[in-house]
Amino acid sequence: MADASPDEWLAIQRLFIRYATCLDHGDVAGVVACFTGDCALESPVLGTFAGHAGIRDFAGRTARLLHERHVQFRHVVSNLVADVEGDVATARCYLLDFRTRDGRTDLLSPGEYVCDLRREEGQWRFARRVVMMDRAFDAHDL
């Protein structure tokens with residue numbers, strides 16, 4: 001694989017941002033659209049999810065927290081590195097995962113996203129996404 005071209009890098013960066021903002025706003029369909037149909041997502045806090053049904057379940061959990069517990073998340077991504085070969089890519093970036101509840105904002109943990117991507121119909125999507133957190137925390141902390 002080679003460094004992503006500027007256009008490829010920008011398109012991949014947009015995917016990371018679209019995922020984070022859709023997740024933070026409880027847009028379940030928007031999160032699902034960021035993934036291939038045969039995808040996998042691995043989270044040290046919530047577990048492993050496969051396919052669009054699994055991603056829908058994962059994003060739905062976050063959406064329920066937003067609406068039922070009045071929790072707001074802000075997933076901030078930076079330092080994206082992407083390598084591309086044809087219609088497949090690997091990409092990783094840093095993550096800051098903030099949670100606001102009852103007027104208080106906390107950093108849950110810094111971490112990193114490590115991803116395999118595939119270009120489908122001209123759009124980059126996550127085929128595999130691994131979330132690595134620097135500090136362990138429990139789903140009950142959310």
Side-chain angles (χ1 to χ4, degrees), residues 1-101 104-142:
M1 289 201 184
D3 286 347
S5 71
D7 287 342
E8 290 167 329
W9 185 90
L10 187 58
I12 291 169
Q13 174 72 0
R14 284 182 183 141
L15 173 64
F16 276 75
I17 292 168
R18 184 170 51 251
Y19 166 82
T21 57
C22 286
L23 189 62
D24 290 345
H25 289 97
D27 178 358
V28 174
V31 172
V32 171
C34 292
F35 288 83
T36 63
D38 61 348
C39 65
L41 183 149
E42 300 170 32
S43 165
V45 177
L46 298 174
T48 300
F49 302 86
H52 281 168
I55 300 302
R56 194 172 292 107
D57 179 44
F58 167 79
R61 291 178 187 199
T62 301
R64 283 189 295 282
L65 288 169
L66 294 173
H67 300 295
E68 294 172 4
R69 293 191 194 171
H70 307 289
V71 173
Q72 180 61 62
F73 295 98
R74 298 287 183 225
H75 291 78
V76 180
V77 295
S78 67
N79 298 33
L80 176 72
V81 175
D83 295 304
V84 174
E85 185 173 308
D87 288 333
V88 296
T90 60
R92 63 189 316 141
C93 73
Y94 293 155
L95 162 70
L96 295 174
D97 192 1
F98 294 96
R99 179 208 56 212
T100 300
R101 181 174 50 200
R104 179 184 166 152
T105 301
D106 297 298
L107 174 64
L108 292 171
S109 178
E112 194 170 7
Y113 289 139
V114 178
C115 305
D116 295 326
L117 299 96
R118 195 164 57 236
R119 188 171 14 213
E120 298 179 332
E121 300 174 7
Q123 297 292 315
W124 286 105
R125 291 189 172 85
F126 299 114
R128 182 168 180 255
R129 181 176 195 92
V130 178
V131 182
M132 299 185 311
M133 304 307 283
D134 294 351
R135 181 181 68 84
F137 61 93
D138 189 276
H140 297 297
D141 292 338
L142 301 175

Is there side-chain contact between F58 and L23, with heavy atoms separated by less than 4.5 Å? yes
Pair C93, V77 - check side-chain contact (heavy atoms from CB on, under 4.5 Å), show working. CA-CA 6 Å; C93 73; V77 295; 3.8 Å; yes
Rounded at 0.5 Å granularity, tell me how far CZ in R128 sits from CG in L117. 12.0 Å
Roughly how far, to the nearest 0.5 Å, is CG of L66 from CZ of F73? 6.5 Å
Look only at the side chain of E8 and the backbone of S5, and say whether a donor-acceptor pair between them is shorter than 3.5 Å. yes
Given the ring of Y113, does R92 sit roughly above its face, with NZ or CZ under 6.0 Å from the centre of the six-membered ring and within 45° of the axis? no
Test side chain to side chain donor-acceptor pair (under 3.5 Å) applied to T36 and D38, step by step: CA-CA 5 Å; T36 63; D38 61 348; 2.8 Å; yes
How about R129 and D116: do any of their side-chain heavy atoms sit closer than 4.5 Å? no
Rounded to the nearest 0.5 Å, how far does SG of C34 lie from CH2 of W124? 14.5 Å
Does any non-hydrogen side-chain atom of T48 lie less than 4.5 Å from one of L41? no
Evaluate the side-chain contact (heavy atoms from CB on, under 4.5 Å) criterion for residues Q72 and D24: first the C-alpha distance (whole Å), next the side-chain angles of each, then the deciding distance (0.1 Å), finally the verdict. CA-CA 7 Å; Q72 180 61 62; D24 290 345; 4.0 Å; yes
Tell me if a side-chain donor or acceptor on H52 pairs with a main-chain N or O of F35 at a distance below 3.5 Å. yes
Any idea which heavy atoms bring W9 and A82 closest together, and the distance? CD1-CB, 4.3 Å
Side chain of R125, backbone of E120: donor and acceptor closer than 3.5 Å? yes
More than 12 heavy atoms of other residues, nucleotides or ligands under 6.0 Å from CZ of F98: yes or no? yes
Check whether any side-chain heavy atom of D134 sits under 4.5 Å from a side-chain heavy atom of S109, and report yes or no. yes
Below 4.5 Å, heavy atoms only, C-beta onward: do M133 and L95 meet side chain to side chain? yes
M1 and T90: CA distance, side-chain angles, deciding distance, side-chain contact (heavy atoms from CB on, under 4.5 Å) verdict: CA-CA 9 Å; M1 289 201 184; T90 60; 3.9 Å; yes
dist L96:CG -> R74:CZ (nearest 0.5 Å) comes out at 14.0 Å
Within 6.0 Å of CG in D7, more than 12 heavy atoms from elsewhere: no
Check against side-chain contact (heavy atoms from CB on, under 4.5 Å), V31 and I55: CA-CA 7 Å; V31 172; I55 300 302; 3.8 Å; yes
Nearest heavy-atom approach of V84 to G86 is CG1-O, 3.5 Å
Side-chain contact, heavy-atom cut-off 4.5 Å: T100 with V71? no
Are D106 and R104 within salt-bridge range, i.e. N to O under 4.0 Å? yes
Identify each donor-acceptor pair in which a side-chain atom of residues 12-19 lies under 3.5 Å from a protein atom, sequence neighbours left out, and give them as a table.
none

Which atom of H75 lies closest to which atom of D97, heavy atoms considered: NE2-OD1, 3.3 Å
